[in-house]
Amino acid sequence: MNEIILHPASASTAAPGFDVLFLALVVFSGLVGLVLVAMIVGWSIKYRRGSSADRTGATAHGGGLELKVVGGLFVVAFGLFGWGAWLFVGRDFPPPGAIHIAGTAKQWMWSFEHDNGEKELNTLHIPVNRPVVVDLVSQDVIHSMFVPAFRIKQDAVPGLTTRVWFEATQTGSFDLFCAQYCGTQHSEMRGQIVVMPQADFAKWLSTRPTDQSLVQQGAALFRNLGCSGCHENSATVRAPDLHGVYGRPVALTSPAHETVIADDQYIRDSILQPAKQVAAGYDPVMPSYDGLIAPDDLEKIVAYVKSLSPGGSP
Amino acid sequence: MTLAAPDRSSYWREGAGIRSWLLTTDHKRIAWLYLTSLTAFFFIGGAAATLIRIELVTPQGDLVSDDVYNRLFTIHGIVMVWFFLVPSIPATLGNFLLPLMLGAKDLAFPRLNLASWYVFMFGSCFTLYAIVAGGVDTGWTFYAPLSTVYSNGHVSMAAAGVFIVGFSTIMTGINFIVTTHKLRAPGQTWFRLPIFVWTLYATSVVMVLATPVLAATLLLLVLDRIFGIGVFDPTKGGDPLLFQNLFWFYSHPAVYIMILPGMGVVSEVIPCFARRPLFGYKLVAYSSIGIAVFGFLVWGHHMFVSGQSTYAGVVFSFLSFCVAIPSAIKVFNWAMTLRKGQVSFDTPMLYALGFVGLFAFGGLAGLFLAALGIDVDLHDTYFVIAHFHYIMVGGMVTAYMAGLHFWWPKITGRMYSEWLGKIAAGLMFLGFNLTFFPQFILGWLGMPRRYHTYPPEFQVWNVLSSAGAVVLAFAYAMPLLYLTWALFWGKRAPNNPWEASGLEWQTTSPPPEHNFDVQPVVTGPPYQYGGQAAEETA
Amino acid sequence: MTDEPVSKAFDEVGREREADTFGMWVFLGTEAMLFGAVFVAYTILRLKYPEAFGGGSEKLSMWLGTLNTAILLTSSLAMAVAVESAKAHALPFARRMLWITALLGAAFVCVKGYEYFDDMQKGLLPLLGPFHYDGPDSAHAGLFFNIYLMMTGIHAVHLLIGISLVVYLALPIRIPPGRQPKRIESVGLYWHFVDIVWIFLFPLLYLVHP
């Protein structure tokens with residue numbers, strides 16, 4: 001068994017404030033609980049049947065005592081409410097100078113895109129001591145971005161863009177969890193937030209080795225998985241040329257009479273469920289790659305296909 | 001203690017054979033029908049929990065696949081919430097005792113009562129079928145669009161079952177409300193009613209007002225899933241948050257449906273074994289209604305990080321702190337009832353005192369979650385799981401045990417083994433805390449809920465929790481065995497073995513089919529213990 | 001004519017009758033919450049897509065909707081007369097009014113059915129055929145028509161249950177005559193409630209201005 005940890009890492013500007021309120025709640029609950037247990041245990045023993053304790057003056061009349069006690073406790077609790085609300089409202093006001101990340105949640109992975117178009121899957125590199133704003137979208141069901149070390153959590157809801165910000169105060173690698181149950185591999189939808197010193201981060205962002213970019217890897221997959229066999233100048237099979245497809249309308253044979261815009265989802269569906277939307281003028285002969293491509297690799301192929309259109313490159 | 005005469009005229013003897021039970025309109029027999037089915041569902045839900053806890057002993061998913069695990073926790077939630085907790089005390093102890101406590105011969109609508117059990121069983125067929133046919137994997141909360149578009153489990157079947165049993169709940173609620181208004185004994189004004197009646201009444205009001213919203217929500221869910229009407233589907237313009245708002249508008253009051261009857265039981269047991277009237281009776285009665293009313297105003301506290309507006313979050317957080325007030329008043333008053341009493345520690349009292357501590361603890365944990373800034377971190381972690389299990393299991397199930405043991409002599413005419421009762425109560429308390437306290441720590445450390453596999457640093461707390469579950473399972477098996485044993489071979493019980501006050505104790509153990517040979521008349525306030533009674537004027 | 005309470009819980013019939021009526025009021029409370037939840041869903045989506053709802057509403061046949069409103073209001077009148085005449089012990093006349101109520105209710109259902117058919121032919125119901133809509137915000141108009149179908153459908157189910165209850169009371173079967181007035185009154189309450197739900201549904205669905 002591993003070493004026992006009792007306290008999560010506190011690695012953001014929000015964490016200490018959170019921890020103090022948490023401690024205050026622990027103290028409040030602890031005191032109330034202790035007094036209650038003392039009353040129950042103490043009186044049960046003192047006034048146990050047959051004991052010689054003094055029972056004169058017993059009354060069933062509250063006299064408003066319970067209201068006074070609970071009222072007093074509520075005044076303290078109201079302070080705790082206010083404190084919690086104040087911390088919460090702070091979520092809406094990121095400090096100036098934040099870097100922006102576009103976060104996408106989908107079954108069952110995270111995708112983060114930096115300002116300069118650099119994309120990461122299941123990992124997010126950020127600089128230390130610099131606020132980060134993540135605009136979250138979901139492509140399918142509700143997910144939730146949860147980083148315990150930063151004490152942040154925000155649901156990613158399909159149809160909405162939600163926002164979360166944080167500022168890391170320690171370098172290192174911190175767990176990212178999906179905290180809203182999202183289907184079969186919910187517990188595997190995990191990642192890492194990698195916090196780097198600011199200079200290192202700047203270097204990392206600008207000098208991403210080109211042979212590691214998503215598009216290049218996607219191109220390699222496109223060839224290795226046989227896509228180019230039909231989609232690039234094939235003599236035997238007629239398949240749509242993918243240059244210029246992304247972002248433009250595509251007329252379909254099936255479902256009939258529909259025209260769709262070739263977005264990311266269209267490209268993905270074309271690979272995993274090619275019979276769902278067949279381009280007009282083509283036979284539905286493309287095989288499905290469902291179960292044959294890992295989600296990471298699928299994204300790389302999508303990135304490659306996008307790069308074949310103007311404005312589709314990252 | 002003199003033995004009662006053999007139960008020749010009891011409701012047990014009124015007709016033998018299965019037909020007399022399945023076609024009965026006697027509220028006491030209907031309570032038994034419910035008791036049998038609910039016990040079966042408790043152990044079905046418990047079996048799912050057992051498998052979950054075994055799986056979680058190791059960080060890897062090595063016992064079951066992730067898909068099966070997701071179905072296990074979904075079934076655990078659905079069965080425990082709708083097929084055990086919601087009906088539990090009302091349909092068993094409530095059905096049996098409400099007419100007795102009112103000095104009445106039966107509920108206002110006896111045939112409606114029987115129908116409610118059949119509706120319950122009919123609905124359960126759908127959900128059981130869904131389980132057997134492969135299960136559901138959406139979580140008991142059925143969030144859209146996972147449940148409407150993406151899940152490949154038997155969502156509609158399971159939802160249909162819950163929809164149907166909702167009608168059973170509504171029927172029970174209507175019956176209890178009308179009975180309390182129209183069938184009180186002569187002289188029994190509202191402030192001469194036992195708190196158990198007050199809490200059943202408050203529970204019933206919540207049942208009839210909240211459950212229809214669940215019905216509408218599930219209907220919309222199934223229509224969206226089967227016909228694609230699109231109300232919750234963002235690709236068609238629908239709104240997933242609308243589902244959450246509608247769902248929680250029911251499900252938060254539902255948790256008060258689950259806990260209020262338990263509070264009622266404890267309000268009967270503690271005065272009896274402390275030999276003192278309930279402290280602050282009137283405020284406890286008002287608090288029961290207060291909990292029911294406030295319970296409708298706080299549903300948004302399940303949605304603080306959902307994308308709901310910050311302002312709405314602040315309002316819901318404030319109201320959630322307010323809803324703790326009536327519960328705190330009750331806890332304080334139960335403790336104050338002990339003061340200057342003559343306290344004895346019979347099994348029902350052990351459970352009742354355990355309830356007060358565990359419920360208070362769970363409620364204090366609720367304050368953490370009600371505090372917005374803290375909820376951001378703790379939402380959807382094991383902290384939440386620990387919180388609601390402290391209330392539902394440490395609170396509600398413990399109170400159910402207290403009630404079963406307190407009224408077992410009245411219901412069956414038999415006494416159970418007191419030392420077995422004490423041992424089981426102690427084991428339950430220990431096992432429960434060992435199971436669920438580590439989960440507060442897990443949540444604090446960041447372990448999300450509904451996780452099939454987890455990072456290795458969480459393992460030690462999971463192992464402790466699973467060890468506790470073993471003790472708890474044993475502790476639940478004990479009363480199942482010794483209470484059943486007592487049913488057939490227990491010592492015969494006198495009419496009032498605990499010397500308790502309350503109209504139900506003025507008739508034989510067990511009661512005759514018509515409940516009372518002579519119509520009881522109420523001349524004073526309840527809880528006549530130690531030469532005093534509950535306050536009649538504030 | 002002496003009356004015994006039906007339920008063994010009650011000693012006097014008067015008490016039991018109060019309980020029956022009170023029980024019906026509580027039940028209507030639950031129905032109000034059921035329809036209330038559906039109305040909330042409607043409201044949220046209408047606030048989100050006002051043009052789609054306005055455009056969709058314009059496509060519905062206001063004449064059929066108005067006709068149905070008139071039918072249902074008249075049926076409530078017949079029901080009210082039935083209740084009063086039953087209380088005045090004019091039971092045969094009350095039964096006739098119950099038949100009229102049921103007939104009018106059935107007429108409503110027929111008109112509704114015809115209206116669904118007509119809507120379907122025009123391609124306005126995405127659930128029942130291809131969708132042809134040329135008004136504003138076509139992407140979300142389908143949502144309006146689905147909600148229209150669902151809300152009027154739930155209402156129709158309640159109406160059918162009401163018709164069955166009214167027919168049951170109208171039939172000359174052996175119910176103790178003393179029980180009839182209270183039974184008719186309880187079902188009357190239910191009938192009026194279903195009518196009131198329609199009074200809300202009609203403007204919300206048919207009278208939305210784009």
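Chain letters run A, B, ... following the sequence lines, proteins first, then strands; residues in each count from 1.
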- [ ] Give, as side chain, backbone, both or neither, the part of B:A324 having an atom under 4.5 angstrom from any heavy atom of chain A.
- [x] neither
Open item on the list: Out of B:L378, B:D137, B:L278, return the one with the most heavy atom pairs under 4.5 angstrom to chain A.
Closed with: B:D137
Open item on the list: Is B:F345 in contact with chain A via its backbone, its side chain, both, or neither, using a 4.5 Å heavy-atom distance?
Closed with: side chain
TODO: Taking all heavy atoms of B:A335 and all of A:W43, pick out the closest pair and write down the distance.
DONE: O-CE3, 3.3 Å
- [ ] Can you label the angle between the B:Y451 ring and the A:H186 ring as parallel, tilted or perpendicular, going by 30° and 60°?
- [x] perpendicular
Task: Contacting region of B:F321 [heavy-atom separation from chain A under 4.5 Å] - done: both
TODO: Can you tell which part of B:M447 gets under 4.5 Å to a heavy atom of chain A, answering side chain, backbone, both or neither?
DONE: neither
Task: Which portion of B:Q308 sits near chain A, non-hydrogen atoms under 4.5 angstrom - done: neither
- [ ] Pick one of side chain, backbone, both or neither for B:S151, based on which atoms fall under 4.5 Å of a heavy atom in chain A.
- [x] neither
Task: Part of A:F146 within contact of chain B (heavy atom distance under 4.5 Å) - done: side chain
Open item on the list: Need one label for B:F458: side chain, backbone, both or neither, based on atoms under 4.5 Å from any heavy atom in chain A.
Closed with: side chain
Open item on the list: What part of B:R276 gets within 4.5 angstrom of chain A, counting heavy atoms only: side chain, backbone, both, or neither?
Closed with: side chain
Task: Ring centers of B:F355, B:W334 separated by less than 6.0 Å - done: yes
Task: Part of B:L283 within contact of chain A (heavy atom distance under 4.5 Å) - done: side chain
Task: Proximal component of B:P271, with respect to chain A [non-hydrogen, under 4.5 Å] - done: neither
Task: Which of A:S29, A:P148, A:G82, A:G159 touches chain B most, by non-hydrogen pairs under 4.5 Å - done: A:S29
TODO: Answer with side chain, backbone, both or neither: which region of A:V141 has an atom nearer than 4.5 Å to a non-hydrogen atom of chain B?
DONE: both
Task: Which of B:V149, B:D239, B:I329, B:V343 touches chain A most, by non-hydrogen pairs under 4.5 Å - done: B:V343
Task: Among A:I45, A:V157, A:L80, A:L87, residue most engaged with chain B (heavy-atom pairs, under 4.5 Å) - done: A:V157
Task: Region of B:A365 that comes under 4.5 Å of a non-hydrogen atom in chain A - done: neither
Task: B:F232, part contacting chain A, at a heavy-atom distance under 4.5 Å - done: neither
Open item on the list: Looking only at the side chains, is there a donor atom on one of A:D19 and A:S10 sitting less than 3.5 Å from an acceptor on the other?
Closed with: yes
